[in-house]
Amino acid sequence: MFTECYRKLIDPFKRSIRNKLILTMTLLAVVPVIAMTAMAAENTRSSMEEEIMETNRANMNWASIYLGEQFARMNNIIYSIQISDELHQYLALNEEAPAASRFDEQKAMFNMLNSVYYSAGNYVFGVELYLKELDTLFTFNSMDSRIKAVSEIPEGYHELFAQHKDFTIINDPDDPQKFHMTRSMNRFEDQAQIGAISLEVKWAEFNQTLELLDSRGDYGVYIADSTGSPVYQPNQEIQPSAEALEKLAGTKESSGFIRTAKEYVFFHSIEPSGLRVVKIVPAHVVNESALDTMKYGLVVGGLATVISVGLAALVAWRTSKPIVRLANSMKGIQLIKDREVVRSGRVDEIGLLEKNLHGMASRIREHIRDNYLMNLEKQTAELKALQSQIHPHFLQNTLQMIGGMVYSQKPADSYKVIRALSEMFRYIVRAPDGLVPLQSELDQLEHYMLIQKQRFAGRLEYTLEITGELRACYIPKLSLQPIVENAFLHGLEKKQGEWKLGIEVVCEPSDVTIRICDNGVGMDAEKLTEMQSRLERITRQADRVWSSGTSIGLVNAASRMVMHFGPEYGMSIESEYGQGTSVTVRIPCNTGGEAL
């Protein structure tokens, strides 16, 4: 299928110089335009990529500094609680302190938390103070202020205490727009965790900074944890790819740049929070400018292509017109038949070629005609000479045998031989001289073998096997009988004892193989080589060689087959001295001929 399509695509250019010229000139005009457009687009894309990388590196740096300052302010709020006198006085109370003192200290704690809460700004939703050793949890926000005794570590503090962390930032499970910033309180002497302070903060506090990083509105900007996974992302339309997350998790650098197949990823650590600010720039943003350049380049390239094709067609037409006319003139030249060809009348090099071509064609035509007539006369004479050898040979041998039978055998036996001889002469005289049906040739051979079995009664064993349908198979007249005659003359008559001669005919879809075998004396190696060489010379279409004298030989029969069917068909011989000889004849099927 692919080969056929390729051939149909290539054939118009193989067969026409005009098409080649059009294609060549079109490529010369279009390829430079395409190359320049591609180079301009790539340069634009590279410049845009470099500009975006430099700009975003700077932007990520100041954004991380500003976000770090915001987290530092929150840390200052927590530190102000840790160093407050109210907290230290409350922790200094012992279990034996009177209730009034405890109440006063708790009231002082709430006043301190109230002061911290309202001084923090509107981005802090609440403040919690957990005292692990006292199993106490202070909560203060705009809606509620309370103190609660807890027997276990409250929810939201487990990670801090279980992993002995100093600092955690955890999203609010009920409201993704909030997070809890929690810092551990450690005893000075042994750094044991005695509690924690947590601020409930709105993520919206950082929106202004993140929006500045997403000035176009089609970037992905978010705050991530240490592994690069999003913790807060205002615009969730653009998400990091799995490849980007994997690379972010694997890098330990505080800032940098990651390139994936789909995006450019910039990241920068936010100190002292342990978080990262991440910006995703989709690849199409970088490629937009290149695409614009490419669009304009394609428009220019398209116009250049149309103009180039038009000019190429015009120039190719004018350049190739005389060559095409000469080619058409050559098509009109007939080397067998004379045909009047109209010449262009040009006086340039093309006209000279046309004039000499017609003169050469005329001389070649005369030579072919003379050579054809000579070969036709030669082959006709050869066929006539070959067929003329047949009649006296059969007549002489057979009549001598019949003369002896008349005096020694029954009239019925003599009649069979005479009838067989009559059928043979009827076949020789009345059958066409060219190709005859193979079955008729085998019937003629049956008549010949009937005569031979009468001559050598008791010694000769003859078999004929036919495989396949022989109806459409034809063979030169009297081609098989000479082979059988040679089997008797050179093989069986010189052998003592029983004679065996077998004929096997195998008809295949395209060829017919006829094998004639005898158990005669065979040939020695030298004689066999000589005979095979003579048959091979005939197959190579060398001069015809036939036996001298009045009998027709193997080489004569082989010569006739090559004349009719060509060098790929004919005869071959195999023999072993003392064992016998095998002659194989190969002819085509469905060759046609004259029915008898």
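Values below: all heavy atoms of this structure, side chains included; hydrogens, waters and symmetry mates excluded.
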Novice: So which atom in I573 and which in M523 form the shortest heavy-atom distance, rounded to 0.1 Å?
Specialist: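 What the structure gives for the nearest pair is CD1-CE, 3.4 Å.
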Novice: Donor-acceptor pairs under 3.5 Å, side chain of residues 578-587 to any protein atom, not counting sequence neighbours: which ones?
Specialist:
{"residue": "T581", "atom": "OG1", "partner": "S575", "partner atom": "OG", "Å": "3.0"}
{"residue": "R586", "atom": "NE", "partner": "D511", "partner atom": "OD2", "Å": "3.4"}
{"residue": "R586", "atom": "NH1", "partner": "E568", "partner atom": "O", "Å": "2.7"}
{"residue": "R586", "atom": "NH2", "partner": "D511", "partner atom": "OD2", "Å": "2.8"}

Novice: Using a cut-off of 6.0 Å, state whether more than 12 heavy atoms not belonging to E504 lie near its atom CD.
Specialist: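 It does: E504 CD has more than 12 such atoms within range.
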Novice: Nearest 0.5 Å please: distance from the OG atom of S440 over to the CG atom of L445.
Specialist: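 S440 OG to L445 CG: 12.5 Å, rounded to 0.5 Å.
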Novice: Side chains of Y427 and L478: does their closest heavy-atom pair fall under 4.5 Å?
Specialist: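 Yes, side chains in contact.
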Novice: Whether the E423 and Y448 side chains hold a donor-acceptor pair (N or O, under 3.5 Å, no angle test) is what I'd like checked.
Specialist: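 No, Y448 and E423 have no side-chain donor paired with an acceptor closer than 3.5 Å.
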Novice: Is there side-chain contact between Q452 and V484, with at least one heavy-atom pair below 4.5 Å?
Specialist: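 Q452 does not reach V484 side chain to side chain.
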Novice: Return the CD to CD distance between E576 and E574, rounded to the nearest 0.5 Å.
Specialist: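 CD of E574 is found 10.5 Å from CD of E576.
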Novice: Which is it for L464 and E446 under the side-chain contact (heavy atoms from CB on, under 4.5 Å) test, yes or no, and what are the steps along the way?
Specialist: CA-CA 9 Å; L464 173 63; E446 286 287 330; 3.2 Å; yes
Novice: Supply the atom-to-atom distance L528 CG to Y577 OH, rounded to the nearest 0.5 angstrom.
Specialist: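 Here the rounded value is 13.5 Å.
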Novice: Does the pair I514 and I483 meet the rule for a side-chain contact (heavy atoms from CB on, under 4.5 Å), with working shown?
Specialist: CA-CA 11 Å; I514 306 168; I483 303 175; over 6 Å; no
Novice: Can you check whether L480's main-chain N or O pairs, donor with acceptor, with E441's side chain at less than 3.5 Å?
Specialist: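 Yes, the answer is positive, given that a donor and an acceptor are paired below the 3.5 Å cut-off.
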Novice: So I451 and M424, do their side chains get closer than 4.5 Å, heavy atoms only?
Specialist: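 Touching, per the 4.5 Å side-chain cut-off.
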Novice: Are V417 and L450 close enough that some pair of their side-chain heavy atoms sits under 4.5 Å apart?
Specialist: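 Heavy-atom side-chain distance check fails, nothing below 4.5 Å.
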Novice: I'd like to know whether NZ of K416 has more than 12 heavy-atom contacts from other residues, nucleotides or ligands below 6.0 angstrom.
Specialist: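 Incorrect, the count does not exceed 12.
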Novice: Would you name the heavy atoms of M561 and M571 that are closest together and state the gap between them?
Specialist: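 Closest approach of M561 to M571: CE-CE, 4.3 Å.
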Novice: Return the OH to NZ distance between Y462 and K453, rounded to the nearest 0.5 Å.
Specialist: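 One finds 7.5 Å between OH of Y462 and NZ of K453.
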Novice: Do S241 and E263 meet the criterion of a side-chain donor-acceptor pair at a distance under 3.5 Å?
Specialist: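 Result is yes, a qualifying pair exists.
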Novice: So for atom CD, which belongs to E246, do other residues, nucleotides or ligands contribute more than 12 heavy atoms lying within a distance under 6.0 Å?
Specialist: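 12 or below, so no.
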Novice: Compare every heavy atom of C507 with every heavy atom of L470, then report the nearest pair and how far apart it is.
Specialist: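 That would be CD2-CB, 3.8 Å.
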Novice: Is it the case that the side chain of W499 and the backbone of R459 share a donor-acceptor pair, with hydrogens and angles ignored and the cut-off at 3.5 Å?
Specialist: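 No.
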Novice: Mind checking whether E530 and E526 have side chains closer than 4.5 Å, heavy atoms only?
Specialist: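 No, their side chains stay 4.5 Å or more apart.
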Novice: Should we say atom NZ of K500 is surrounded by more than 12 heavy atoms from elsewhere, each under 6.0 Å from it?
Specialist: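 Not more than 12 within 6.0 Å, no.
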Novice: Does atom CD of E237 have more than 12 heavy-atom neighbours, drawn from other residues, nucleotides or ligands, at distances under 6.0 Å?
Specialist: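 It does not: E237 CD has 12 such atoms or fewer within range.
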Novice: Which atom pair, heavy atoms only, marks the closest approach of G520 to D518?
Specialist: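 Looking at all heavy atoms of both residues, the closest pair is N-OD1, 2.8 Å.
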Novice: What are the two closest heavy atoms between A558 and L535, and how far apart are they?
Specialist: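 Heavy-atom minimum between the residues: CB-CD2, 3.6 Å.
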Novice: Within the supplied structure, the quantity of interest is the number of heavy atoms (other residues, nucleotides, ligands) at a distance under 6.0 Å from R259 CZ; does it exceed 12?
Specialist: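 Yes - once you tally the heavy atoms of other residues, nucleotides and ligands closer than 6.0 Å, there are more than 12.
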Novice: Does the side chain of E461 come within less than 4.5 Å of L501's, by heavy atoms?
Specialist: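 No. Closest side-chain heavy atoms not under 4.5 Å.
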Novice: Taking everything shown except E50 itself, do over 12 heavy atoms lie less than 6.0 Å from its CD?
Specialist: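 No.
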Novice: Working to the nearest 0.5 angstrom, can you tell me the gap between I516 CD1 and I503 CD1?
Specialist: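 Those atoms lie 5.0 Å apart.
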Novice: Report the C-alpha separation of V505 and T467 in whole Å, then their side-chain angles, then the decisive distance to 0.1 Å, and conclude whether the side-chain contact (heavy atoms from CB on, under 4.5 Å) test is met.
Specialist: CA-CA 6 Å; V505 182; T467 303; over 6 Å; no
Novice: Can you name the closest pair of heavy atoms from P476 and L435 and give their distance?
Specialist: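 Taking every non-hydrogen atom into account, N-CD2, 3.6 Å.
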Novice: What residues form a side-chain contact (heavy atoms from CB on, under 4.5 Å) with E465, not counting sequence neighbours?
Specialist: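 E465: no side-chain contact (heavy atoms from CB on, under 4.5 Å) contacts found.
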Novice: Quick one: does Y474's side chain get under 4.5 Å of C589's, heavy atoms only?
Specialist: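 Result no, sub-4.5 Å side-chain heavy-atom pair not found.
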Novice: So does A525 get a backbone contact from the side chain of T529, meaning a donor-acceptor N/O pair under 3.5 Å?
Specialist: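 Yes, because the side chain of T529 sits within donor-acceptor range (under 3.5 Å) of the backbone of A525.
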Novice: Nearest 0.5 Å, what's the CE-OG distance between M531 and S572?
Specialist: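 Output value for this atom pair is 12.5 Å.
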